[in-house]
Amino acid sequence: MKRIAPSILSADLARLADEVREVIEAGADWIHVDVMDGHFVPNITIGPVVVNALKKVVSIPLDVHLMIENADFYLDAFIRAGADILTVQVEASTHLHRTVHAIKEKGVRAGVALNPATPLESLDYILPDLDLVMIMTVNPGFGGQEFIPAMLPKIERLKEIITKRKLNAEIEVDGGIKVDNIGEVARRGGDIFVGGSGIFGTPDRKETITRMRREIGK
Ligand code: DX5
Ligand code: ZN
């Protein structure tokens, strides 16, 4: 099943409830929430209080992407706030196995994100435990950056590994996804597509999501 996850980082945050309602009506599957701490990435965004506020107006899963150091300290706060999927960055996780299992023990889906320069091999011993792997197709920190094409073979290889090892992890692709590249990303093996500027930055979000779905289905 292919899913589209609009990232609220590019929404009008002063009108957040209306913005998420609009993309849900337009057919979004998940709402992607980018959490940045000003340490792991050079930007600061939102925390559990915003996730909690969103939970009251959003009926679809909240896909929370933690671009933070010391994620272990904050897992419970995000879970209590209503995160349905929690993804941590492998580069910021010293005890990744412990972190992943701490997430899963709370009944929340666990994901691990890889920066563009991080090899797939870093997941060799944790892949069977993951619900999703997030391939970053930009360097995390900001919305509106260019998709890095060298990530296409990385997505393809991850898909091969998951298939060969008969694992369940889904592949989420995050950064620079637009109507004109989402089809290619889907063909290479992407299952979940995050779109920030490529969705919220367009005038007609319904038309954009409809066109994205058409591209994915080709
Ligand atoms: C990047 C974030 C992304 C970002 C995507 O640091 O993790 O989720 O919001 O935004 P676009 O689609 O504009 O690259
Ligand atoms: Zn993200």
Side-chain angles (χ1 to χ4, degrees), residues 3-13 16 19-20 23 26 28-48 50-51 54 58 60-69 71 74 78 83-93 103 109-118 130-152 154-155 170-186 190-203 205 208-209 211-213 215-216:
R3 297 191 181 91
I4 296 178
S7 162
I8 60 164
L9 190 58
S10 295
D12 177 354
L13 293 175
L16 186 55
E19 291 279 83
V20 293
V23 291
D29 299 291
W30 290 356
I31 295 295
H32 186 81
V33 181
D34 284 308
V35 178
M36 304 184 186
D37 66 351
H39 292 273
F40 178 68
V41 289
N43 196 3
I44 300 176
T45 55
I46 53 201
V50 175
V51 173
L54 271 174
V58 169
I60 61 176
L62 292 178
D63 175 33
V64 177
H65 178 192
L66 299 179
M67 286 159 278
I68 65 173
E69 290 175 3
Y74 303 101
F78 281 103
D84 296 282
I85 303 108
L86 266 181
T87 295
V88 297
Q89 290 279 156
V90 66
E91 304 83 3
S93 306
I103 296 170
R109 277 183 270 182
V112 174
L114 267 57
N115 279 345
T118 302
L130 301 183
D131 296 299
L132 72 85
V133 177
M134 186 185 292
I135 298 294
M136 293 306 299
T137 43
V138 297
N139 289 292
F142 303 93
Q145 303 182 85
E146 281 282 300
F147 181 90
I148 301 171
M151 295 300 105
L152 288 170
K154 190 179 187 182
I155 296 164
E170 291 186 284
I171 301 177
E172 183 162 9
V173 183
D174 186 5
I177 300 277
K178 308 270 189 274
V179 171
D180 62 9
N181 61 15
I182 196 168
E184 180 65 14
V185 175
D191 299 302
I192 303 142
F193 310 90
V194 176
S197 53
I199 294 175
F200 281 108
T202 63
R205 284 79 176 261
T208 302
I209 291 177
R211 286 176 63 203
M212 283 179 158
R213 241 183 245 295
E215 291 297 324
I216 292 169

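Remember, it's 1-based here, ligands and their atoms both numbered in the order they're listed. Side chains are part of it too, since the values below use all heavy atoms of this structure and drop only hydrogens, waters and symmetry mates.
- Among Thr87, Ile192, Val194, the single residue meeting the side-chain contact (heavy atoms from CB on, under 4.5 Å) criterion with His32 is Val194.
- The closest approach of His32 to the Zn ion (ligand 2), by N/O/S atoms, is made by NE2.
- No more than 12 heavy atoms of other residues, nucleotides or ligands sit less than 6.0 Å from atom OH of Tyr74.
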*Verdict with supporting geometry, Phe78 and Val33, side-chain contact (heavy atoms from CB on, under 4.5 Å)*: CA-CA 11 Å; Phe78 281 103; Val33 181; over 6 Å; no

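- The only option from Val50, Leu86, Val64 that meets the side-chain contact (heavy atoms from CB on, under 4.5 Å) definition with Val35 turns out to be Val64.
- Protein residues are said to neighbour a ligand when one of their heavy atoms lies under 4.0 Å from it; for ligand 1 these are Ser7, Leu9, His32, Asp34, Met36, His65, Met67, Met136, Pro140, Gly141, Phe142, Gly143, Gly144, Asp174, Gly175, Gly176, Val194, Gly195, Gly196, Ser197.
- In summary, the side chains of Asn115 and Gln89 do present a donor paired with an acceptor at a separation below 3.5 Å, with no hydrogens or angles considered.
- In summary, the side chains of Asp63 and His65 do not present any donor paired with an acceptor at a separation below 3.5 Å, with no hydrogens or angles considered.
- Angle OD2(Asp174) to the Zn ion (ligand 2) to ND1(His65), rounded to 10°: 90°.
- The two residues Val90 and Thr118 have their closest heavy-atom pair at CG1-CG2, 3.7 Å.
- The atom name of the N/O/S atom in Asp34 closest to the Zn ion (ligand 2) is OD1.
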